[in-house]
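We count residues from 1, following the sequence as given.
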Amino acid sequence: MIRRVYQRRLHPLPYSLHDSRICGIELKEDRLLLKFEYGFIKIGDTAKQTEGDVEITGIDLDSSSVYLMEYTDVLCGNKGHFKGEKVSLEKFICRKEIHMDVMDEAYGDNQVKLSGYLNIGDIYLECMIEIYYLGDFWYRIEEKNSAMAELILSADGDLSLYSVPEVVVKNIEMFSMEFDRWMRSSPYGERYREEFVENGMADMCVQYDETDFIEYLNRYAFPDQPSALLEWVCRYDDEIPKKYEGIPWKNF
């Protein structure tokens with residue numbers, strides 16, 4: 001099962017690509033997939049190795065480039081002279097094999113820069129990939145198949161019963177926060193946002209209901225394990241029928 005974790009621009013990273021190894025790059029239309037040989041590290045107290053890839057959408061190929069540097073009088077990566085070239089990301093991807101050890105990563109608004117060392121046969125080059133994108137940055141995490149579980153959802157309105165991945169039920173607050181971050185920063189979440197001015201200060205609110213959360217799970221977070229509406233439960237002000245006792249309830 002693939003779970004996708006959204007990375008909000010200019011915010012702390014949930015995973016680090018440092019010391020990871022890129023073993024392939026695929027481009028389909030404006031979607032870029034970075035494949036990693038051993039995954040990457042989950043940032044936190046345990047620094048857990050995590051199997052997965054990175055997916056970036058809305059790639060601007062005209063503004064994305066790769067710098068390749070071959071050192072001439074010192075070992076690769078040391079101070080000294082080098083020769084090199086700047087090529088388009090599209091041309092770089094056309095190489096038959098790509099094996100790049102990532103040493104550093106940097107993120108800006110709509111930008112990702114990965115630098116490290118590229119292995120081409122017996123030749124080692126210093127490499128920097130600059131990616132400019134207008135969509136989303138996702139970590140695609142490989143997880144064991146999660147069972148489906150029941151969850152009652154509402155948004156200050158009628159309650160409905162849904163079938164969702166069990167991991168969502170167990171971590172509903174975490175997933176609702178991920179959904180909120182996505183709505184507030186992703187270009188695809190713009191339809192939920194509304195700007196207003198209060199006391200001379202500009203601010204923003206988001207408007208959505210539980211069906212939007214389900215759509216987010218299906219289209220973005222768990223595209224391979226769709227959630228579904230099972231049945232209507234009751235009105236918001238009614239007492240939840242006893243047949244639903246023990247089923248978690250989340251009101252947005």
Side-chain angles (χ1 to χ4, degrees), residues 1-9 11-59 89 93 95-105 107 112-114 116-119 129 131 133 135-151 162-182 185-186 188-189 213-228:
M1 179 187 74
I2 297 295
R3 177 196 163 197
R4 297 163 90 222
V5 179
Y6 178 65
Q7 169 54 32
R8 186 178 178 184
R9 296 180 179 87
H11 279 70
L13 302 173
Y15 299 93
S16 172
L17 305 183
H18 175 69
D19 277 346
S20 62
R21 184 174 176 84
I22 297 175
C23 60
I25 303 179
E26 293 182 0
L27 179 66
K28 294 183 179 180
E29 298 179 349
D30 68 343
R31 171 182 167 272
L32 187 74
L33 182 65
L34 302 177
K35 296 184 175 181
F36 291 85
E37 190 169 344
Y38 308 109
F40 31 75
I41 297 294
K42 180 176 177 59
I43 297 176
D45 295 336
T46 58
K48 181 182 177 182
Q49 185 76 24
T50 303
E51 294 291 329
D53 304 316
V54 165
E55 179 183 349
I56 308 173
T57 64
I59 298 295
L89 177 62
I93 294 174
R95 294 174 178 269
K96 292 183 179 180
E97 294 186 4
I98 296 177
H99 297 286
M100 176 181 171
D101 295 305
V102 179
M103 296 291 105
D104 199 8
E105 55 189 318
Y107 302 87
V112 179
K113 293 185 179 181
L114 302 175
Y117 302 108
L118 184 70
N119 175 216
I129 302 176
I131 301 171
Y133 66 102
D136 288 339
F137 185 106
W138 296 94
Y139 298 96
R140 289 169 25 108
I141 308 303
E142 295 184 13
E143 297 181 341
K144 294 181 180 179
N145 287 337
S146 174
M148 300 299 285
E150 294 180 338
L151 176 67
Y162 289 87
S163 173
V164 302
E166 186 177 38
V167 65
V168 175
V169 178
K170 293 181 178 180
N171 302 276
I172 183 60
E173 295 303 326
M174 180 188 73
F175 280 99
S176 63
M177 286 190 292
E178 282 189 7
F179 177 46
D180 184 79
R181 288 194 294 268
W182 176 82
S185 63
S186 169
Y188 304 113
F213 177 67
I214 293 297
E215 181 184 3
Y216 166 79
L217 293 180
N218 288 341
R219 292 189 61 185
Y220 300 103
F222 294 92
D224 300 329
Q225 192 174 11
S227 302

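- Nearest heavy-atom pair, Glu105 versus Leu17, reported as atom, atom and distance to 0.1 Å: OE2-N, 2.8 Å.
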Please step through side chain to side chain contact (heavy atoms under 4.5 Å, CB included) for the pair Lys113 and Ile131, ending with a clear verdict. CA-CA 6 Å; Lys113 293 185 179 181; Ile131 301 171; over 6 Å; no

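- In this structure, the side chain of Asn218 engages the main chain of Ser227 through a donor-acceptor pair within 3.5 Å.
- Asp180 places no side-chain N or O within 3.5 Å of a backbone atom of Ser176 that could act as its donor or acceptor partner.
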May I have the step-by-step check of ring-ring contact (aromatic ring centres under 6.0 Å, His included) for Tyr38 and Phe40, ending in yes or no? CA-CA 7 Å; Tyr38 308 109; Phe40 31 75; over 10 Å; no

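- The two residues Ile25 and Ile93 make their nearest non-hydrogen contact at O-CG2, 3.5 Å.
- Rounding to the nearest 0.5 Å places NZ of Lys170 at 4.0 Å from CD of Glu166.
- Pro226 and Met148 get closest at one heavy-atom pair: O-CE, 3.4 Å.
- For the pair Glu55 (side chain) and Leu33 (backbone), a donor-acceptor distance under 3.5 Å is absent.
- Side-chain atoms of Ser163 and Glu150 include no donor-acceptor pair closer than 3.5 Å.
- Here the CZ atom belonging to Phe36 is positioned 11.5 Å from the CZ atom belonging to Arg140, to the nearest 0.5 angstrom.
- The line from CG of Asp104 to OG of Ser16 is 9.0 Å long, rounded to the nearest 0.5 Å.
- Across every non-hydrogen atom of Ile59 and Ile56, the tightest pair is CD1-CG2, 3.6 Å.
- Between Leu151 and Ile172, the closest side-chain pair of non-hydrogen atoms falls below 4.5 Å.
- Taking the side chain as every heavy atom from C-beta outward, Leu217 and Val168 approach each other to under 4.5 Å.
- Here the CD1-CG distance, from Ile22 to Leu114, works out to 5.5 Å after rounding to the nearest 0.5 Å.
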Given Phe175 and Phe213, is the ring-ring contact (aromatic ring centres under 6.0 Å, His included) satisfied, shown in steps? CA-CA 9 Å; Phe175 280 99; Phe213 177 67; 7.6 Å; no

Under the criterion side chain to side chain contact (heavy atoms under 4.5 Å, CB included), I'd like the reasoning laid out for Ile214 against Val164: C-alpha separation, chi angles, the key distance, then a yes or no. CA-CA 8 Å; Ile214 293 297; Val164 302; 3.9 Å; yes

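- When all heavy atoms are compared, the tightest approach of Ala149 to Val169 is CB-CG2, 3.8 Å.
- Side chains of Ile41 and Asp19 form no contact here, defined as non-hydrogen atoms less than 4.5 Å apart.
- Between Lys35 and Glu26 there is a salt bridge, with a side-chain nitrogen of the basic residue lying less than 4.0 Å from a carboxylate oxygen of the acidic one.
- The two residues Tyr133 and Val112 make their nearest non-hydrogen contact at CE2-CG2, 3.7 Å.
- If you take SG on Cys23 and CE on Met100, they are separated by 13.0 Å, rounding to the nearest 0.5 Å.
- Here the side chains of Arg3 and Phe222 are in contact, with some heavy-atom distance below 4.5 Å.
- Partners of Tyr220 by ring-ring contact (aromatic ring centres under 6.0 Å, His included), not counting sequence neighbours, listed by chain and number: Trp138, Trp182.
- Using a distance-only test at 3.5 Å, with no hydrogens or angles considered, a donor-acceptor pair links the side chain of His18 to the main chain of Met103.
- At a threshold of 4.5 Å between non-hydrogen side-chain atoms, the residues Tyr15 and Val54 do not count as touching.
- Once rounded to the nearest 0.5 Å, the distance linking CD1 of Ile43 with NZ of Lys48 reads 15.0 Å.
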Report the C-alpha distance between Arg219 and Tyr188 in whole Å, list the side-chain angles of each, state the deciding distance to 0.1 Å, and finish with yes or no for side chain to side chain contact (heavy atoms under 4.5 Å, CB included). CA-CA 11 Å; Arg219 292 189 61 185; Tyr188 304 113; over 6 Å; no

For the pair Gln7 and Tyr139, evaluate side chain to side chain contact (heavy atoms under 4.5 Å, CB included) and give the outcome as yes or no after the intermediate values. CA-CA 7 Å; Gln7 169 54 32; Tyr139 298 96; 3.8 Å; yes

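- Annotation: side chain of Asn119 is in contact with side chain of Arg21 (closest heavy-atom distance under 4.5 Å).
- Considering only heavy atoms from C-beta on, Asp53 stays 4.5 Å or farther from Leu34 through its side chain.
- Between Thr57 and Asp136, the side chains place no donor N or O within less than 3.5 Å of an acceptor N or O (distance only, hydrogens not considered).
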